[in-house]
Number of protein chains: 2
Amino acid sequence: MTEAEPQPQPQPQRSTLRTRRREEVLGAIRAAAGAELEGQGAAALSLRAVARRVGLAPSALYRYFPGRDDLLTDLVVAAFDAHADAVQAAAGRHRDPLAAVRAALLEYRAWAVANPARFGLLYGAPVPGYAAPPETIGPGARVGDLVVGLVEQLHAQHRLDAESLRHRASRLDRGTASELAALARRRGYTLPVEAIALGVDGFVRIHGVTVMEVFGQLRPLTSRPAPYVEQTVDAVLAELVGPAAGPREAR
Amino acid sequence: MTEAEPQPQPQPQRSTLRTRRREEVLGAIRAAAGAELEGQGAAALSLRAVARRVGLAPSALYRYFPGRDDLLTDLVVAAFDAHADAVQAAAGRHRDPLAAVRAALLEYRAWAVANPARFGLLYGAPVPGYAAPPETIGPGARVGDLVVGLVEQLHAQHRLDAESLRHRASRLDRGTASELAALARRRGYTLPVEAIALGVDGFVRIHGVTVMEVFGQLRPLTSRPAPYVEQTVDAVLAELVGPAAGPREAR
DNA sequence: TCACAACGAGAGCAGCGCTCTTGCTTTATG
DNA sequence: CATAAAGCAAGAGCGCTGCTCTCGTTGTGA
């Protein structure tokens, strides 16, 4: 979805030989671009290299994408979706929302470690001439929504730690609180703002350590990042549901 | 320091007309590269653009740097030092180590926000063909050392929260603990590993939210990142010295 | 069957990092 | 002081990049 064709093609288009071939070539280009991305990094993605890999002339690629940036956008959307799919699948394997949060956060990091270039494309320093277009914000918000949704389930089950909520509320200034409330209205959350803040805090924390690991800044600290991330996830869970619910309860 | 000349020049070199001019041109190149960096981003840093800005032919730059990567390395070292200098200065304005930690963490973020391209060069997705050479790890470790040093002061004053330490210790696995102990030996820390872990956790957390703000991922959550960061810093401080020592005590 | 649109390839533009050669200026030496 | 050596800047040129335009070929709908 959200293609980047020169001309929009609204209706499903009955399957002719031409449309089938077009779909095939599009898929091949996407695959080649993904492979190039994983090998070289986002900023070095070369249209000509992609064309070579597919076996096309460089100019032929412009029949499928208006330019390099649109190919990047396509990859960004695909990567956001793949990341969110992985996290969603991990969370879906658990009924208990606490275990689901734990699995989601761990998978958030695991996918990033397994797909460093894709992750860098999404969350690294912006590619020089490239600004993420609006069609990427929808897929980009999926993971965050997912985590907050799970926190919402914890809240509905009255399992969020009262003291954590109190502390978080005491730190909230009016401006941030009203913005979180607006966010909750936009996204349809039925949570008090301090609960959203707790969820956001935890998500930000895991994202932070993930970024550091993927970009290599965790290596000076530890050669085995996995247990460190696990400890951070457990710290986040403890913040959410109280220190009593330690690592083992959530598994 | 840590130049990247084709030939090393050990001794101070008496100030001749030629060395003076060389120093001038080198400064101009560094300034131009910094300006280009801030304008375009690290991956798009173009030798030719730098040469144009300085008013030199592209080939002339190779008298000063063996290649683009060495120019990048020079910028990386300078940026690490500038960042660490800013944080050190902020911390140095406070006698109380808790206030110093607070100031250091806030300045860590403030410098990053004020110098997004430089920060992206240091902590963003790695530049495609470029791998940070060993001479960058020294300057890169300065900020972390600084924060842990302040935590060390808090520990010496018996102000670290006992319960936080206990909780952190209970989450530490043996492998991570021994690695932190090795790190402490290497750097000369005189702290128990769980205290180091607490400090690292806090630093990682602030780095995480800083990365998100600088790279634009915090904007979907709040339009005013400053107070959110402040709340996170206060949460980190509360984790360090206990919830009693809230925001106001540290100021 | 036939006009049309889609397609792929090739040539060519400006820009990039980098190398090599050429001429000039400053330095160090006999 | 004259001269050789070293440092410096510029230009040409290599292969690479994104991108545009043109030109045959091929599948499609009337």
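Throughout, a chain's letter reflects where its sequence line sits, starting with A, and its residues are numbered from 1.
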Practice task
Tell me what B:R20 touches on the nucleic acid: a base, only sugar-phosphate, or nothing, going by heavy atoms under 4.0 Å.
Solution key: nothing

Handout entry: Among C:dC18, D:dG7, C:dA9, the nucleotide that comes nearest once only the side chain of B:R18 is considered
Key = D:dG7

Problem - No-hydrogen, no-angle side-chain donor-acceptor test under 3.5 Å, B:E36 and B:S46 - result: no

Practice task
Report yes if some heavy atom in the side chain of A:V204 is under 4.5 Å from a heavy atom in the side chain of B:Y228; otherwise report no.
Solution key: yes

Fill in the blank from the handout: Assign each of B:R48 and B:V25 the nucleotide of DNA chain D bearing its closest heavy atom; nearer the 5' end lies the nucleotide of B:V25

Practice task
Measure the acute angle between the ring planes of A:W111 and A:H83, then classify it against the limits of 30° and 60° as parallel, tilted or perpendicular.
Solution key: parallel

Practice task
Using atom CD1 of B:I29 as one end and atom P of D:dC8 as the other, report the distance to the nearest whole Å.
Solution key: 10 Å

Practice task
Choose from C:dG15, C:dT27, C:dG8 the nucleotide whose nearest atom is closest to any side-chain atom of B:R52.
Solution key: C:dG15

Exercise for the section: Check if the side chain of A:S59 and the base of C:dA9 share a donor-acceptor pair of N or O atoms closer than 3.5 Å. Expected result: yes

Practice task
Answer yes or no: side-chain N or O of A:R21 and base N or O of D:dG27 forming a donor-acceptor pair under 3.5 Å.
Solution key: no

Exercise for the section: For the pair B:R224 and B:E230, evaluate salt bridge (charged side-chain N to carboxylate O under 4.0 Å, His left out) and give the outcome as yes or no after the intermediate values. Expected result: CA-CA 11 Å; B:R224 295 157 55 255; B:E230 218 161 320; over 6 Å; no

Practice task
Grab the CD-C1' distance between A:E36 and D:dC16 for me, whole Å please.
Solution key: 14 Å

Handout entry: Nucleotide C:dG10, atom C1' - distance to CZ of A:R63 in whole Å
Key = 13 Å

Exercise for the section: Check the distance between D:dC19's P and A:Y64's OH and give it to me in whole angstrom. Expected result: 18 Å

Handout entry: Between C:dA9 (C1') and A:L56 (CG): distance, integer Å
Key = 10 Å

For residues 116-126 of chain A, dump all side-chain donor-acceptor pairs below 3.5 Å to protein atoms at least two apart in sequence or in another chain.
none

Pick out the pairs of N or O atoms, protein on one side and nucleotides 2-4 of chain D on the other, that lie under 3.5 Å.
none

Exercise for the section: Kindly compute the distance separating CG (B:D201) from CD (A:Q231), expressed to the nearest 0.5 Å. Expected result: 8.0 Å

Problem - Side-chain donor/acceptor of B:R22 to base of D:dG7, under 3.5 Å - result: no

Handout entry: Whole-Å distance separating the CD atom of A:E23 from the P atom of D:dG27
Key = 18 Å

Completion exercise
Regarding the side chain of B:R68, the nearest nucleotide among C:dG17, D:dT17, C:dG15 is C:dG17

